[in-house]
Protein chains: 2
Amino acid sequence: MTAKRARPGPRSARQRERLIAAGYRAMVRSGLEGARTRDIAGEAGITVATLHYYFPTKDDLVRAVLEHTIQEQMLAPLRLDADWDDGLAALETMITGLARHADAEPGHYRLLNEMTWAAREDATLRAMLAVWHEGWHGAIGDWLRAAQRDGRVRSDLDTGAVATMIIYLVLGMVTRPPLPAGAEDRLSEELHRLLAAFEPKD
Amino acid sequence: MTAKRARPGPRSARQRERLIAAGYRAMVRSGLEGARTRDIAGEAGITVATLHYYFPTKDDLVRAVLEHTIQEQMLAPLRLDADWDDGLAALETMITGLARHADAEPGHYRLLNEMTWAAREDATLRAMLAVWHEGWHGAIGDWLRAAQRDGRVRSDLDTGAVATMIIYLVLGMVTRPPLPAGAEDRLSEELHRLLAAFEPKD
DNA sequence: CACGTTTTCTATCACTTGATAGAAAAGTAG
DNA sequence: CTACTTTTCTATCAAGTGATAGAAAACGTG
């Protein structure tokens, strides 16, 4: 017996990509549930019916968009490849870069956020996110250990635990909560002070 | 000319509260948009029509629920009053308490999260959140300064900037992202190490 | 009880939204 | 051109969903 699968035609890969791109934009604009299939189709230059020819249900499209988001849109802002030689600089680049990006593209981080909540009830999504977080956690740990070897970060720190703290810090930061003015100004500087290998003169 | 306002009857304050409580539960369960007015009314033991007698639009109800959430449900888990004498202990109590609470009641923090995003386009909501964040930020700063006076926290730290970091850290933590197993185990311990007044023997 | 007010319900609307059926159009091969 | 496949469109459905009108019930007061 044939599985209750979608019709098997090869489809146009180009149209698929166009729909995923339009879906990403719509979800960044209106959120995961707020994005309307009609808008997405319209933005891709087709009708809803044709959208459903490529993605039988909205959930299929959402899945494809989130997968695309993780693989294409999420790694870039992290700058995991930046300045590998200088771990502290890489850390700073990542944090300030993300803060700026979160101001410019808040919808992107709202999408990441909705994804995290959705992952609680979706094993596939959770697995994808876990892989991504693992890579991120590992990269930050590597940066910290490199800086420890250079004597620029306290050698007694548990780099894994600190990496976790930094990830939490960044995840909270990109939600851009309404903190008192200037609360973020000395953040990066202060993080460096906390991690620094030697006590300042005081 | 009379303003286009709802009918002026006094209403029952008890029913209002019952609706807000039911709304809070429904939104914790299904999210801000996912909560259905029919479900909320049913949970309060009335029909949708009666709900609209108390809250002309769903948005009015949402507003009331969020206001209630900030004032009643949000301050409690922070334990801002805990162990005021010992700032570091208060900090630890807050962080571990929030981690546990976030595991037990994730929906509460999803609601807080949706609120933060909604506040971007709603000045009233943003103002309410800002007041709450300001109090939180101030309390953490007070704890840190108290611990500095006791000589248990490095005196060279900018307590405001560190308070911001801790708030970001907590906001990220309560989203419970799928980090590698055990990533959070030594978090609190490591935070203490970072803040500690003296370098360990190494 | 009688009368006015407040509260609640039944029934229904108006509209959105994801989804589908079936025809038409576009592409492909001989 | 013809026959077949792939893609797209028009038109429409079915299930919600917030909201309302208007009658009925409950309440309060003398």
Side-chain angles (χ1 to χ4, degrees), chain A residues 2-66 111 114 118 121-122, chain B residues 2-66 111 114 118 121-122:
Chain A
T2 49
K4 202 160 73 179
R5 211 64 190 82
R7 286 146 283 169
R11 311 293 133 102
S12 152
R14 192 166 317 231
Q15 197 70 292
R16 236 187 104 90
E17 286 164 22
R18 219 174 300 171
L19 275 168
I20 289 176
Y24 171 75
R25 284 193 300 272
M27 290 174 201
V28 160
R29 222 184 309 122
S30 316
L32 218 72
E33 301 191 354
R36 301 305 172 196
T37 52
R38 278 167 173 74
D39 298 337
I40 296 172
E43 201 162 322
I46 58 178
T47 64
V48 226
T50 307
L51 180 151
H52 279 103
Y53 175 71
Y54 287 90
F55 298 95
T57 72
K58 183 185 175 181
D59 198 63
D60 292 323
L61 173 60
V62 168
R63 265 247 178 28
V65 169
L66 293 188
L111 189 56
E114 291 179 331
E121 294 168 355
D122 183 322
Chain B
T2 49
K4 204 161 68 179
R5 212 63 190 80
R7 284 146 284 168
R11 310 294 132 100
S12 152
R14 192 164 318 232
Q15 198 70 291
R16 235 188 105 89
E17 285 164 21
R18 219 173 302 170
L19 275 167
I20 289 176
Y24 171 75
R25 285 194 299 274
M27 289 174 201
V28 160
R29 223 183 310 120
S30 315
L32 219 71
E33 301 192 355
R36 301 306 171 195
T37 53
R38 276 167 176 75
D39 298 337
I40 296 173
E43 201 163 323
I46 57 176
T47 64
V48 228
T50 307
L51 181 150
H52 278 103
Y53 176 68
Y54 288 90
F55 299 95
T57 71
K58 182 185 176 182
D59 198 63
D60 292 322
L61 173 60
V62 168
R63 262 246 179 30
V65 169
L66 293 187
L111 189 56
E114 290 179 333
E121 293 168 357
D122 183 323

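Below, each value reflects all heavy atoms present in this structure, side chains not excepted, and no hydrogens, waters or symmetry copies. Predicted model only: the values in this text are computed from it and were never measured. Every chain is numbered from 1, with letters handed out A, B, ... down the list of sequences.
Shown here for A/I40 and A/M27, the closest heavy-atom pair between the two residues is CD1-CE, 4.5 Å. Across A/A64 and A/R16, no two heavy atoms sit closer than the pair CB-NH2, 4.3 Å. Scanning both residues, B/A22 and B/E43, for their nearest heavy atoms gives CB-CB, 4.1 Å.
Put simply, NE2 on A/H52 is 18 Å from P on D/dC13, counting in whole angstrom units. Going from atom CG of B/L51 over to atom P of C/dT7 covers 14 Å, rounded to whole Å. In this entry the distance linking CZ of B/R18 with P of C/dT7 reads 13 Å, nearest Å. A straight line from CG of B/D39 to P of D/dG16 spans 12 Å, rounded to a whole angstrom. Between A/F55 atom CZ and C/dT20 atom C1' there is a gap of 18 Å when expressed in whole angstrom units.
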Within the sub-3.5 Å range, which N or O atoms of nucleotides 8-10 of chain C have a protein N or O partner, and how far apart are they?
{"residue": "C/dT8", "atom": "OP1", "partner": "B/Q15", "partner atom": "NE2", "Å": "2.8"}
{"residue": "C/dT8", "atom": "OP2", "partner": "B/Y54", "partner atom": "OH", "Å": "2.6"}
{"residue": "C/dC9", "atom": "OP2", "partner": "B/T47", "partner atom": "N", "Å": "3.0"}
{"residue": "C/dC9", "atom": "OP2", "partner": "B/T47", "partner atom": "OG1", "Å": "3.4"}
{"residue": "C/dC9", "atom": "OP2", "partner": "B/T50", "partner atom": "OG1", "Å": "3.0"}

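Atom CD in A/E114 sits 5.0 Å away from atom CG in A/L32 (nearest 0.5 Å). Separating the CG atom in B/L111 from the CZ atom in B/R29 is a distance of 12.5 Å, to the nearest 0.5 Å. To the nearest 0.5 Å, the span separating CD on B/E17 from CZ on B/R14 amounts to 7.5 Å.
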CA sep, side-chain torsions, deciding dist, call: A/D122, A/R63, salt bridge (Lys or Arg N to Asp or Glu O under 4.0 Å): CA-CA 10 Å; A/D122 183 322; A/R63 265 247 178 28; 2.6 Å; yes
B/I20 and B/Y54: CA distance, side-chain angles, deciding distance, side-chain contact (heavy atoms from CB on, under 4.5 Å) verdict: CA-CA 10 Å; B/I20 289 176; B/Y54 288 90; over 6 Å; no
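You'll find the side chain of B/T57 stays beyond 4.5 Å of the side chain of B/V62, heavy atoms only. Looking only at side-chain heavy atoms (C-beta outward), B/I46 and B/L19 come within less than 4.5 Å of each other.
Across residues 28-38 of chain B, B/A35, B/R36, B/T37, B/R38 each have a non-hydrogen atom less than 4.0 Å from an atom of DNA chain D (numbered order).
End-to-end axis angle of the helix from C/dC1-D/dG30 to C/dG30-D/dC1, from C1' rotation axes over five pairs per end: 10° (rounded to 10 degrees).
Within 6.0 Å of CD in A/E33 there are 12 or fewer heavy atoms belonging to other residues, nucleotides or ligands.
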